[in-house]
Amino acid sequence: MPELPEVETVRKGLEKLVSGASIKSVDVYWDRIISGSIASSEFKQLLTGEKIIGFDRRGKYIIFHFRQWAMVSHLRMEGKYEVEDSSKPLKKHTHVVFHLADGRDLRYLDVRKFGRMTLVPLGEEISMTGIRLLGPEPTEETFDETTFYNNLQTKKRAIKPLLLDQKIVAGLGNIYVDEALFLAKIHPLRIANSLKKDEVSQLHKAIIKVLGDAVEAGGTTIRSYQNALGEAGTFQVNLSVYGKKGIPCIHCGTPIEKIKVAQRGTHFCSKCQRLAADQ
DNA sequence: CTGTTCTCCTGTAAGC
DNA sequence: TGCTTACAGGAGAACA
């Protein structure tokens, strides 16, 4: 499941492979992938003859820049892009194909069809639902610790679902949120406004580190990429708790537990990440 | 307004 | 073996 680091890796790959390319035509095989007020028939028509200027990213959204349009693409769980020669047969689960003028295709594949593409007039992408309400990018420069603390103080939700909803800080998904909470030694069910200043400080640092390290790791694997831009979602940087149920905690040896928090599989160390401070 | 639950999808794994 | 059920989860809609 692509989170911010994987999405950034895909963005870089797209930039490298198809920036500057012109679109000859577009095929859409699953209409619901194309969301927003511009439906798939118009989508295909409007992009025909357009030129891909470049790629941007905000949170987990990839933004395609055309001359007059922006296309906002979210991979959700399993979306991926591939660049193939146009003569190559389409793989199963191919839902959108951008035929390029140079004989290649940019293809979107998505087993579960959760991903979405939205075409908007250039400039309107920042006011789209989803992007408009995003919190800051999780970097030292943009993610302010004091603001983070103040925001958490106003929230009575458990910290994990709060971090997943993208409004406080952008980019965390189920994997890296578990990793960040483990690194900061905070239990996923802690109520946000119960976190002490030093805990928030640790969490702030952990989020920047976990996502930053993963972006770097993605940045190093990208060089070996030929044409598959979504497999980036499968690299995982030495995870400590995610998917480690029953495996000894790297700090204390206690088996990692897996519970459900807000319907999501949640991994943590019950000894390192206490729910009550005095235990 | 805030916080929670449901829905979209299909492949894989577990259970009987 | 073969069928059924549970599970994976990002984000937006629906609901309390």
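Worth knowing before you read on, the calculation uses all heavy atoms, side chains too, and leaves out hydrogens, waters and symmetry mates.
Neither A:Val97 nor A:Phe66 shares a network with the other; the hydrophobic side chains, linked directly or stepwise wherever heavy atoms of I, L, V, M, F, W or Y lie under 4.5 Å apart, form separate groups for each.
Between the side chain of A:Arg112 and the base of C:dA8, a donor-acceptor pair under 3.5 Å is found.
Scanning for side-chain contact (heavy atoms from CB on, under 4.5 Å) contacts around A:Lys209 gives A:Leu183, A:Asp213, with sequence neighbours left out. Not counting sequence neighbours, the partners of A:Glu257 by the side chain to side chain donor-acceptor pair (under 3.5 Å) test are A:Ser270. Partners of A:Asn150 by side chain to side chain donor-acceptor pair (under 3.5 Å), not counting sequence neighbours: none found. A:Gln273 meets the side chain to side chain donor-acceptor pair (under 3.5 Å) test with no other residue; sequence neighbours excluded. The side chain to side chain donor-acceptor pair (under 3.5 Å) search around A:Thr94 returns none, not counting sequence neighbours.
Atom pair A:Arg58:CZ and C:dA11:P shows a separation of 12 Å (rounding to whole Å applied). The nearest whole Å value for the distance from the CD atom in A:Glu3 to the C1' atom in C:dG9 is 10 Å. Between the CZ atom of A:Phe114 and the C1' atom of C:dC7 there is a distance of 12 Å, rounded to whole Å. Taking atom CZ of A:Arg132 as the reference point, atom C1' of C:dA11 lies 14 Å away to the nearest angstrom. The distance from atom CD of A:Glu78 to atom C1' of C:dG9 is 9 Å, rounded to the nearest whole Å. Between the CG atom of A:Leu133 and the P atom of C:dA11 there is a distance of 12 Å, given to the nearest Å. Remark: P of C:dA11 and CG of A:Leu4 are 10 Å apart, rounded to the nearest angstrom.
OP1 and OP2 of C:dG9 both lie 4.0 Å or more from every side-chain N or O belonging to A:Tyr176. The side chain of A:His74 places no N or O atom within less than 4.0 Å of a non-bridging phosphate oxygen (OP1 or OP2) of C:dG10. Between A:Gln263 and C:dG9 there is no side-chain N or O to OP1 or OP2 distance below 4.0 Å. Note on A:Lys60: every side-chain N or O is 4.0 Å or more away from OP1 and OP2 of C:dG10.
For the P atom pair drawn from B:dA14 and C:dG9, the interatomic distance equals 15 Å after rounding to whole Å. Across C:dA11 and B:dG11, the matching P atoms stand 23 Å from one another, rounded to whole Å.
Counting only distance, with no hydrogens or angles, the side chain of A:His95 and the backbone of A:Asp110 share a donor-acceptor pair below 3.5 Å. Of the possible donor and acceptor atoms, one in the side chain of A:Glu179 sits under 3.5 Å from a partner among the backbone N and O of A:Ser240. Using a distance-only test at 3.5 Å, with no hydrogens or angles considered, no donor-acceptor pair links the side chain of A:Glu8 to the main chain of A:Glu6. A donor-acceptor pair under 3.5 Å links the side-chain atoms of A:His267 to the main chain of A:Gly243, judged by distance alone.
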Determine which bases of DNA chain C form Watson-Crick or G-U wobble pairs with both distances under 3.5 Å, and write the result as a 5' to 3' dot-bracket string with | for other-strand partners.
.|||||||.|||||||

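At most 12 non-hydrogen atoms from other residues, nucleotides or ligands lie less than 6.0 angstrom from CD1 of A:Ile126.
Between A:Lys196 and A:Asp198 there is no salt bridge, since no side-chain N of the basic residue sits under 4.0 Å from a carboxylate O of the acidic one.
A 4.0 Å heavy-atom criterion places the boundary nucleotides of DNA chain B facing chain A at B:dG3 to B:dG11, written 5' to 3'.
Of the residues in residues 147-154 of chain A, none has a non-hydrogen atom less than 4.0 angstrom from any atom of DNA chain B. Shown for residues 30-39 of chain A: residues whose heavy atoms fall under 4.0 angstrom of DNA chain B, namely A:Trp30, A:Arg32.
Side-chain atoms of A:Tyr81 and A:Ser73 form a donor-acceptor pair, as typed in the model, at a separation below 3.5 Å.
Sorted by first and then second residue, the side-chain hydrogen bond (donor to acceptor under 3.5 Å, both in side chains) pairs with a member in residues 35-47 of chain A read A:Asp31-A:Ser40, A:Ser35-A:Thr118; sequence neighbours excluded.
Put simply, the side chain of A:Phe182 reaches to within 4.5 Å of the side chain of A:Ile250, judged on heavy atoms. A heavy-atom distance below 4.5 Å is found between the side chains of A:Leu106 and A:Leu14.
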Polar atom pairs between nucleotides 12-16 of chain C and protein, under 3.5 Å, N or O only, would you list them?
unit_1: C:dG12; atom_1: OP1; unit_2: A:Tyr61; atom_2: OH; d: 2.8

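In this structure, A:Lys92 reaches the sugar-phosphate backbone alone: every heavy-atom distance under 4.0 Å involves primed, P, OP1 or OP2 atoms, never a base. No contact: A:Gly115 has no heavy atom under 4.0 Å from any strand.
Here A:Leu134 sits in one hydrophobic cluster together with A:Tyr61, A:Ile63, A:Val72, A:Val120, A:Met128, A:Ile131; the rule is ILVMFWY side chains under 4.5 Å apart, joined directly or through other members.
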